[in-house]
Amino acid sequence: MKILVKILPKPEVLDSAGRATFNALKADFESLSGCHLGKLVELDFKEGVTEKKALEEAEKMANSLLINPLVEICEFEVKE
Amino acid sequence: MKIGILRFLGTNCDYDIWEYAKALGHDCEWLWYKDQFNPTAYDRIIIPGGFSYGDYLRSGALASRTPVMASVKQAAQNNIPILGICNGFQILCEIGLLPGALLANNNRRFIDKWVDLEVVSENNYWSWGQQNIRLPIAHGEGRYFIDEQGLKNLEDQGGIWMRYNDNPNGSVADIAGVTQGTVAGLMPHPESAIYEWMGGTDGLKLLRES
């Protein structure tokens, strides 16, 4: 069981890495209106752990360490 | 005074702080990141700058979860003055002893230069009256961020310790240092401004007995 934690800066926080990447892309891709850079954390759970349990634990990990809620938001995805 | 100086893997201003405190006549002891300590054993606790844990995840995040920081929290509850410089400031924000967060500089570059600062509030524990001082900065992630409500609280409580005259990194409200209770944090490095050959001596005003 793998859970992906997808972390992005909050919209109201200046994302200077995303902005710089956007500036590099926009000249060649007219359709682009924004770009945001974050982090991807892949959590491997032991065999036999249920999806429900893994998601609960992932959420606790996110809140206790993986994100700083003042400046970041995250989403979870069950990978397998 | 007896000063406890924290060391993590990746701390690199530890000896600068040690020599700085010794030069002013204070006793120093190292506090290793794996150890806990008696929270009332020191008159001052300093968390030096550096790159603890290689700034993995977020600067200061992993260091803030170590055993030594549990003791620092207890020391704060016992009103022991605690100072975080640069990475130390980041760690204190991550553990919640100071409000706000420190993000990548808005120009994405590491900035290493001298800056002019305005000390805007009296700090009873780290002596520096209201004045203008000049100290060096050396950081890639020093952009102080706090939301509107948090900024209002800081302003109301006199929690803004010092501001940049010419904001180098995009910090909210030009903030270079904040205080909350007996805890204080700043991005500039006072320990790198204690002899004329360093470029200035304004850092000396920090550790004198108040």
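Just so it is clear: chains get the letters A, B, ... in the order the sequence lines come, proteins before strands, and each one is counted from 1.
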Quick check on B/Y56: does its OH atom have over 12 non-hydrogen neighbours (other residues, nucleotides or ligands) under 6.0 Å away?
no

Write down the atom of B/R58, the atom of A/L66, and the distance for their closest heavy-atom approach.
NH1-O, 2.8 Å

Within a reach of under 6.0 Å around CG of B/D166, are more than 12 heavy atoms found that belong to other residues, nucleotides or ligands?
no

Heavy-atom count around A/E75 CD within 6.0 Å, excluding the residue itself: above 12?
no

Option in A/L14, A/L65, A/L70 with maximal non-hydrogen atom pairs under 4.5 Å from chain B
A/L65

B/K2 NZ: over 12 foreign heavy atoms closer than 6.0 Å:
yes

If you measure from CD1 on A/I67 to CG on B/L57, what distance do you get to the nearest 0.5 Å?
10.5 Å

Please classify the contact of B/N105 with chain A as side chain, backbone, both or neither, using a heavy-atom distance under 4.5 Å.
backbone

Has B/E148 got more than 12 heavy atoms of other residues, nucleotides or ligands less than 6.0 Å from its CD?
no

Check A/V71, A/D15, A/N68 against B/L103 for a side chain to side chain contact (heavy atoms under 4.5 Å, CB included) and give me the one that passes.
A/V71

Atom CZ of residue position B/R65 - does it have more than 12 heavy atoms of other residues, nucleotides or ligands inside 6.0 Å?
yes

In short, A/S16 meets B/A104 closest at the heavy-atom pair OG-O, 4.2 Å

Go through the steps for B/R108 and A/R19 under the test side chain to side chain contact (heavy atoms under 4.5 Å, CB included), then give the verdict.
CA-CA 10 Å; B/R108 299 291 295 162; A/R19 188 184 55 180; over 6 Å; no

